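Here's the structure we're looking at; comments come further down.
Numbers here are sequence positions counted from 1. Because the structure is a prediction, the values reported are computed rather than measured.
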Amino acid sequence: MLVCSCNVISEAEISQVITELLEEDCWRLIVPVQVYHAMNKRGKCCGCFPNVVDIIVRVTEDFHREQETAEAEIISFIDRLKKKHVQCEIARLIARERLRKVSAA
């Protein structure tokens with residue numbers, strides 16, 4: 001499945017990079033910019049970043065289960081990632097609404 005149409009990046013490519021980053025440091029906090037940097041790409045419109053975050057969460061969770069990490073540690077880490085993702089999405093929506101109001105004025 002194509003995730004980033006600007007750079008023509010598939011979900012499989014993103015998942016592979018995330019796995020490689022986790023193999024280097026399994027507890028690192030991975031963000032879309034790191035994934036794109038590892039692929040020698042740059043976010044252009046960045047509309048794909050929310051989907052990339054969802055892939056990061058899923059792949060990280062799967063990675064730790066495969067490594068037989070204690071379930072409590074996985075859930076705690078993944079919950080923190082999900083909360084941060086929700087906070088970022090709320091901030092993005094608020095910023096978009098402010099911009100819309102300014103543009104309408």
Side-chain angles (χ1 to χ4, degrees):
M1 179 177 96
L2 191 64
V3 175
C4 175
S5 57
C6 295
N7 288 296
V8 190
I9 302 172
S10 71
E11 181 174 350
E13 291 171 299
I14 291 170
S15 296
Q16 178 62 38
V17 169
I18 295 166
T19 300
E20 290 169 4
L21 292 170
L22 288 168
E23 288 170 346
E24 291 173 12
D25 178 1
C26 66
W27 292 108
R28 77 187 312 159
L29 181 59
I30 299 172
V31 295
V33 170
Q34 291 171 313
V35 174
Y36 277 66
H37 181 74
M39 292 188 286
N40 294 316
K41 306 280 185 182
R42 295 182 67 188
K44 294 180 182 176
C45 78
C46 301
C48 59
F49 278 20
N51 291 332
V52 174
V53 170
D54 291 338
I55 296 168
I56 291 169
V57 169
R58 181 181 43 78
V59 171
T60 301
E61 190 173 36
D62 292 346
F63 178 87
H64 283 284
R65 285 210 169 89
E66 288 172 14
Q67 301 299 312
E68 298 180 359
T69 303
E71 193 68 21
E73 291 181 43
I74 296 171
I75 300 303
S76 172
F77 183 71
I78 297 302
D79 283 346
R80 287 191 342 229
L81 278 175
K82 288 178 181 175
K83 286 178 187 175
K84 189 65 174 172
H85 176 55
V86 168
Q87 288 172 345
C88 290
E89 283 299 292
I90 290 169
R92 186 179 64 80
L93 292 172
I94 290 169
R96 180 182 289 168
E97 183 62 21
R98 284 184 187 150
L99 183 60
R100 186 189 64 77
K101 287 179 181 178
V102 168
S103 297

Run the side chain to side chain contact (heavy atoms under 4.5 Å, CB included) check on Q34 and R28 step by step: do they pass?
CA-CA 11 Å; Q34 291 171 313; R28 77 187 312 159; 4.2 Å; yes

Which value, rounded to the nearest 0.5 Å, describes the distance between I30 atom CD1 and I14 atom CD1?
12.0 Å

Can any side-chain N or O of H64 pair as donor or acceptor with the backbone N or O of C26 at less than 3.5 Å?
yes

Inter-residue atom distance I18.CD1 - I55.CD1, 0.5 Å rounding
6.5 Å

Hey, any chance V33 and I56 share a hydrophobic cluster, counting ILVMFWY side chains that come within less than 4.5 Å of each other, even indirectly?
yes

Can you name the residues that form a salt bridge (charged side-chain N to carboxylate O under 4.0 Å, His left out) with E20, not counting sequence neighbours?
none

Are I94 and F49 linked, directly or through other ILVMFWY residues, by side chains that come within less than 4.5 angstrom of each other?
no

side-chain contact (heavy atoms from CB on, under 4.5 Å) filter on S10, not counting sequence neighbours, yields A12, E13

Ion pair check, E11 and R58, cut-off under 4.0 Å:
yes

Under a single-linkage definition using a 4.5 Å side-chain heavy-atom cutoff for Ile, Leu, Val, Met, Phe, Trp and Tyr, are V8 and M1 assigned to the same hydrophobic cluster?
no

Heavy-atom closest pair (P50 atom, G47 atom, distance to 0.1 Å) is CD-O, 3.4 Å

For K41, the side-chain contact (heavy atoms from CB on, under 4.5 Å) test, sequence neighbours excluded, returns N7, I9, Y36, M39

